[in-house]
Amino acid sequence: MIAQVIVDISNSEVDRVFDYAIDDFPDAKEGFRVMVPFGRMNIEGYIVQLKDRTDCPPEKLKKIASVLDPYPVINEELMQVCRFMVDKYHLRMVDVLRLCLPSQMRTGKVKELTIKIAAVSDEYKDKDTSEFIRPSAVAQMEIYNHLLQSGPLPVTELCKEFSASALRNLISRGIVVAKEEGRMRTPYIGDDDDKQPPYELTEQQSAALKKIQSFSNETILLHGVTGSGKTEVYMRCISDVLKDNKTAMMLVPEISLTPQVLRTFRTRFGRNVAILHSGLSAGERFDEWRRILSGDAKVVVGARSAVFAPVRNLGIIIIDEEHDPSYVSESNPRYFTHEVAQKRARICGCNLILGSATPSIESYYSAKTGKYKLVEMKTRVNAGPLPKIDIVDMCREVYDGNNGLFSRLLNSKLDECMKKGDQAIIFINRRGYSSYMMCRSCGYVAKCVDCDVSLVYHKDENVLKCHYCGNRYKVLDECPVCHSENIKRGFVGTQQVVELLSQRYPDVGILRMDNDTTQTKDAHLDILSKFRQKKAHILVGTQMIVKGHDFPDVTLVGIVDADMSLHFADFRATERTYQLITQVAGRAGRADKPGEVVLQTYSPRHYVYRYIVNGDYAGFYEKEINLREVTKYPPFSRIVRVLVSCENEQLAHDVLKKIFDRLSGDFKGKRDSIAYFAAMKSPVKRISNKYRVQILVRIVRDEENITRQIYEAVDEYTIPKVSVFVEINPNNLS
């Protein structure tokens, strides 16, 4: 037999199959990880197919050197998904295959954990100790008696409490036996409480569940307002497939949500649940992956990458907060999680549920036009009202003499909330202390030397940081251009909000949750646990506090600057503002206590706020979909972006021009199919010392053929030292 192997080198020159003889390893098949001779060295690879013959001359046909695992690491279903992604997104096969297994496993840096376990030998259990332990050997006797009472224990644990030399003596004489045993590294091990029975469903939940159960092999959009009980519906759907001996997958957008969802799922499904996300240690991720591969875990909970979990016999896939932009991978390999999940669901013949209180315009359009099935939940579980939203005109606040960050209404509501002993969430989608430092005398703004962006001041570290490349700079004492000491700080961030609140409420615990405070492995969980246990009464954070969190004592949400996402030069700006504010407002009043939201804006008459206040998603959708249809933006077109980046600015422009000229010729006679086609500098002109230029195309028909022509042009003119990649409907055009 001949094995077709993809070698584990991410390079277009070798992105093809190579034939190897497999005679020495008759059990190896598609999906196995192997070591193969390649050039002058041995290198890892993946068997993607077996065949009977090869066109390679016998004298040149090499043999597989070894098989690295006793099982296929990529199953047949995932192999189909990989081929779909290569074709759909024009990716290298090896880059896609790498998504299917833990990265540290590929380099051999992580292996199964084994520990030595000590136990009293059966031969010595019933003997008189005076026959083999001298009365003076007190330490040996202590170890013997301890093991006899407790049973087998790890050697490391015994050595902490007893004499290591005494233990070695007992082992050398055969009195104590030490054996290697495998151990699983289980994340969040203390978070699985006793199993909880299912809650009694409301009429609305029962109706939604029944409707979902009536569908087969469909994509279903579950549109439920915040607090409507979507999670319980998800768990009932999962219970159904587990009864049928099938498995389930539940994706969430934020790492901060995963431990919370895991805790909820473990109380229902116990150790059947495995978790996958980038915040786990290499060992934990490897062991959870093995549990899924072996079938020991039947429910997978995780972030975007969990869509590649090696789970078999899938009965349902759920994507919660489906509108979230984190489901789009914006680095190589680029893919859209929804489309990958749809492919897996079609292969397995199961339902895919997309759930959200604020679905993306594209998903809701698909539901309204019949491509997806629509299930709606319009009221909260407790039948309580959605939180009352008060809009504050910050222009009026300034006119009335309030130049502070907080409006008078927000200050009074916070005072009232703290007096009652309730909790509040303050949302500002900007981390750091201030967004820039500027000289008032000459207008100089501190910028990163490698990126075309201003630096952000971080007060706790007293540094300026670039949020694109991570460079750090000394804080300005004076302007480097005119030497003026009149330095102004720009828009406030989470650090400054916490400082102001601490001054106002010195005796109230205040927590901050943003990218700076969640760098360590369990930081998300620690912050959320403290807030849930009421060790703090105010939580200040960026968008990571917006989604899915359920705190029964939160009665007030303050949105410091609601306009922050509204004025981006992006066709999704209004949609994202609606989603973000609706989601953060939904954190208030989720239990028996009513919730209030204070929304601060400098654009109070913008139409989006009217729909937010009324909780009118349907009205907002109608307004937005009409605008999209007139302007020919998705879902009425496909946006394709070709981004060229290079340290040599002229070389980047030269490559872009060649691609643009080629496409200009290809697009002749297709003006009815293309609504927009132009080349330009990227809004952020330089990142990590690489200049960036781009082509934007908006395609209204014949999308597949035109997209293929774009890929062909990019392939033709990609050269060394120049990065060129294509994005379909990118989340961020900057």
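As the structure is a prediction and not an experimental result, all values here were calculated from the model.
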(message) Working to the nearest 0.5 angstrom, can you tell me the gap between Trp289 CH2 and Leu101 CG?
(response) 6.0 Å
(request) Quick one: closest heavy-atom pair of His223 and Pro359, and the distance? (result) CD2-CD, 3.5 Å
(request) Supply the atom-to-atom distance Lys373 NZ to Glu218 CD, rounded to the nearest 0.5 angstrom. (result) 4.5 Å
(request) Looking only at non-hydrogen atoms, find the nearest pair between Gly315 and Cys350 and report the distance. (result) O-CB, 3.2 Å
(message) Looking at Glu330, I'd like to know if its CD atom is crowded, meaning that more than 12 non-hydrogen atoms belonging to other residues, nucleotides or ligands lie closer than 6.0 Å.
(response) yes
(request) Apply side-chain contact (heavy atoms from CB on, under 4.5 Å) to the pair Val340 and Val81, showing each step before the final yes or no. (result) CA-CA 7 Å; Val340 177; Val81 171; 3.7 Å; yes
(request) Would you mind reporting whether Arg185 and Ser281 have side-chain heavy atoms less than 4.5 Å apart? (result) no
(request) State, yes or no, whether a side-chain contact exists between Val328 and Thr337 at a heavy-atom distance under 4.5 Å. (result) no
(request) Using the test salt bridge (Lys or Arg N to Asp or Glu O under 4.0 Å), find all partners of Asp69 that sit at least two apart in sequence or belong to another chain. (result) Arg33
(request) Ignoring hydrogens and angles, tell me if any N or O in the side chain of Lys230 forms a donor-acceptor pair with the backbone of Gly224 under 3.5 Å. (result) yes
(message) Less than 3.5 Å apart, any donor N or O on the side chain of Ser363 or Ser360 sitting next to an acceptor on the other?
(response) yes
(request) Please round to the nearest 0.5 Å and tell me the distance separating atom CG of Leu528 and atom CZ of Arg532. (result) 6.0 Å
(request) Flag the pair Ile212 / Cys237 as yes when at least one side-chain heavy-atom distance between them is below 4.5 Å, and no otherwise. (result) yes
(message) Working to the nearest 0.5 angstrom, can you tell me the gap between Tyr364 OH and Glu624 CD?
(response) 14.0 Å
(request) Identify the two heavy atoms, one from Ile9 and one from Val94, that lie closest to each other, and give their separation to 0.1 Å. (result) O-CG1, 3.5 Å
(request) Test Tyr372 against Tyr365 for ring-ring contact (aromatic ring centres under 6.0 Å, His included), laying out the working first. (result) CA-CA 9 Å; Tyr372 298 168; Tyr365 177 77; over 10 Å; no
(request) Side-chain contact test, heavy atoms from C-beta onward, threshold under 4.5 Å: evaluate it for Phe265 versus Asn272 and give yes or no. (result) no
(message) Between Asn313 and Asn245, is there a side-chain donor-acceptor contact under 3.5 Å, judged purely by atom types and distance?
(response) no
(request) Check for a donor-acceptor pair, side chain of Asn351 on one end and backbone N or O of Asn217 on the other, with a separation under 3.5 Å. (result) yes
(message) Just so I know, are the side chains of Met1 and Asp52 near enough to count as touching, which here means a heavy-atom distance under 4.5 Å?
(response) yes
(message) Whether the side chain of Asp324 engages the backbone of Ser326 through a donor-acceptor N/O pair (distance < 3.5 Å, no angle test) should be reported.
(response) yes
(message) Whether the Arg638 and Thr707 side chains hold a donor-acceptor pair (N or O, under 3.5 Å, no angle test) is what I'd like checked.
(response) yes
(message) Atom CD of residue position Glu180 - does it have more than 12 heavy atoms of other residues, nucleotides or ligands inside 6.0 Å?
(response) yes
(message) Name the residue from Gln583, Arg576, Glu575 that meets the side chain to side chain contact (heavy atoms under 4.5 Å, CB included) definition with His323.
(response) Gln583
(request) Before giving the answer on salt bridge (Lys or Arg N to Asp or Glu O under 4.0 Å), spell out for Asp526 and Lys530 the whole-Å C-alpha distance, their side-chain angles and the decisive distance to 0.1 Å. (result) CA-CA 6 Å; Asp526 184 50; Lys530 284 178 180 174; 3.4 Å; yes
(request) Can you measure from NZ (Lys179) to CD1 (Ile117) and round to the nearest 0.5 angstrom? (result) 11.5 Å
(request) Decide if atom NZ of Lys51 counts as having more than 12 heavy atoms of other residues, nucleotides or ligands within a radius under 6.0 Å. (result) yes
(message) Within the supplied structure, the quantity of interest is the number of heavy atoms (other residues, nucleotides, ligands) at a distance under 6.0 Å from Gln533 CD; does it exceed 12?
(response) yes
(request) Give the minimum heavy-atom separation between Thr379 and Gln204, together with the two atoms involved. (result) O-NE2, 2.8 Å
(request) Check whether any side-chain heavy atom of Ile316 lies under 4.5 Å from a side-chain heavy atom of Ile238, and answer yes or no. (result) yes
(message) Tell me whether Lys211 contacts the main-chain N or O of Leu374 through its side chain, where contact means a donor paired with an acceptor under 3.5 Å.
(response) yes
(message) Quick one, Tyr617 and Thr582 - any side-chain contact, counting heavy atoms below 4.5 Å?
(response) no
(message) For the aromatic rings, using the six-membered ring if either is Trp, is the centroid distance between Tyr335 and Phe84 under 6.0 Å?
(response) no
(message) Could you tell me if Ser10 and Arg92 have a donor-acceptor pair between their side chains, going purely by distance under 3.5 Å?
(response) yes
(message) Restricting to non-hydrogen atoms, name the atom on Leu201 and the atom on Leu209 that form the minimum distance, rounded to 0.1 Å.
(response) CD1-CD2, 3.8 Å
(message) Rounded at 0.5 Å granularity, tell me how far CG in Asn75 sits from CD in Gln80.
(response) 9.5 Å
(message) If you count every heavy atom of other residues, nucleotides or ligands that lies below 6.0 Å from Phe215 atom CZ, does the total exceed 12?
(response) yes
(message) Test your reading of the model: is there a side-chain donor-acceptor pair from Glu112 to the backbone of Gly182, 3.5 Å cut-off?
(response) no
(message) Using a strict threshold of under 4.0 Å (side-chain N to carboxylate O), is an ion pair present between Arg236 and Asp240?
(response) no
(message) Donor-acceptor check, side chain of Asn729 to backbone of Ile639, threshold 3.5 angstrom: yes or no?
(response) yes
(message) Under 6.0 Å from the ring centre and within 45 degrees of the ring axis: does the NZ or CZ of Arg587 meet both conditions for the six-membered ring of Phe551?
(response) no
(message) Using side-chain heavy atoms (C-beta onward) and a distance below 4.5 Å, is Gln4 in contact with Leu50?
(response) no
(request) Please step through side-chain contact (heavy atoms from CB on, under 4.5 Å) for the pair Asp320 and Val261, ending with a clear verdict. (result) CA-CA 11 Å; Asp320 193 26; Val261 175; 5.8 Å; no
(request) Among Arg312, Arg290, Arg291, find the one that has a salt bridge (Lys or Arg N to Asp or Glu O under 4.0 Å) with Asp296. (result) Arg291
(request) Taking atom types as modelled, find out whether Tyr89 and Glu339 have a side-chain donor-acceptor pair closer than 3.5 angstrom. (result) yes
(message) Quick check: closest heavy atoms across Glu321 and Tyr327, and the distance to 0.1 Å?
(response) O-CE1, 3.2 Å
